[in-house]
Amino acid sequence: MLKYFKNIYIIIFAVFLIWMLFIDTNSFLMHQDLNNDISDLEEEKDYYNKEIIADKKALKKLKTKDGLEKFARESYYMKREKEDIYIIEYQDSLKLKKDE
């Protein structure tokens, strides 16, 4: 076994292998980090593409008169003339102040 470690080619190969796997700027560890970053970015890209699709659907609904009216009534509590709006809040939906 000792004769293999005396062989110069084995020593050079071992040093080269250690250098390429751990020390070099293009090392195996650096490639693993970059691959992880790429997969994270691809997941983020998929998330944003889904959000874009959802936003396009929402915009499509807002382009119709009924959809715009529904949005204005629900979000901004707008109303028509001579129309009353009653906002009903349930006990479990209210934020209660804690006594300090």
Quick one: which of Ile18, Ile23, Leu17 gives a side chain to side chain contact (heavy atoms under 4.5 Å, CB included) with Leu21?
->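 That would be Leu17; it is the only one of Ile18, Ile23, Leu17 passing the side chain to side chain contact (heavy atoms under 4.5 Å, CB included) with Leu21.
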When you group the ILVMFWY residues by side-chain heavy-atom contacts below 4.5 Å and let the links chain together, are [Y] and [X] in the same group?
X	Y	answer
Trp19	Phe16	yes
Val15	Ile10	no
Ile11	Phe13	no

Sorted by first residue and then second, give each side-chain hydrogen bond (donor to acceptor under 3.5 Å, both in side chains) pair with at least one member in residues 58-72; sequence neighbours left out.
->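 Listed by first then second residue: Glu69-Arg73, Glu69-Arg80.
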Contact list for residues 43-52, test side-chain hydrogen bond (donor to acceptor under 3.5 Å, both in side chains), sequence neighbours left out |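 Every candidate side-chain hydrogen bond (donor to acceptor under 3.5 Å, both in side chains) pair involving residues 43-52 fails, so no pair, neighbours aside, qualifies.
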For Met30, what are the other residues in its hydrophobic cluster, where any two members join if their side-chain heavy atoms are less than 4.5 angstrom apart?
->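 Leu34, all in the cluster of Met30.
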Could you state the interatomic distance from CG (Asp24) to CG (Leu29), rounded to the nearest 0.5 Å?
->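 Going from the CG atom of Asp24 to the CG atom of Leu29 covers 11.0 Å.
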Hey, could you give me the CG/CG distance between Asp40 and Asn35, rounded to the nearest 0.5 Å?
->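 The CG atom of Asn35 is 11.0 Å from CG of Asp40, to the nearest 0.5 Å.
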Minimal non-hydrogen separation, Leu62 against Leu68, with atom names |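 Distance-wise, the nearest heavy atoms are O-CB, 3.6 Å.
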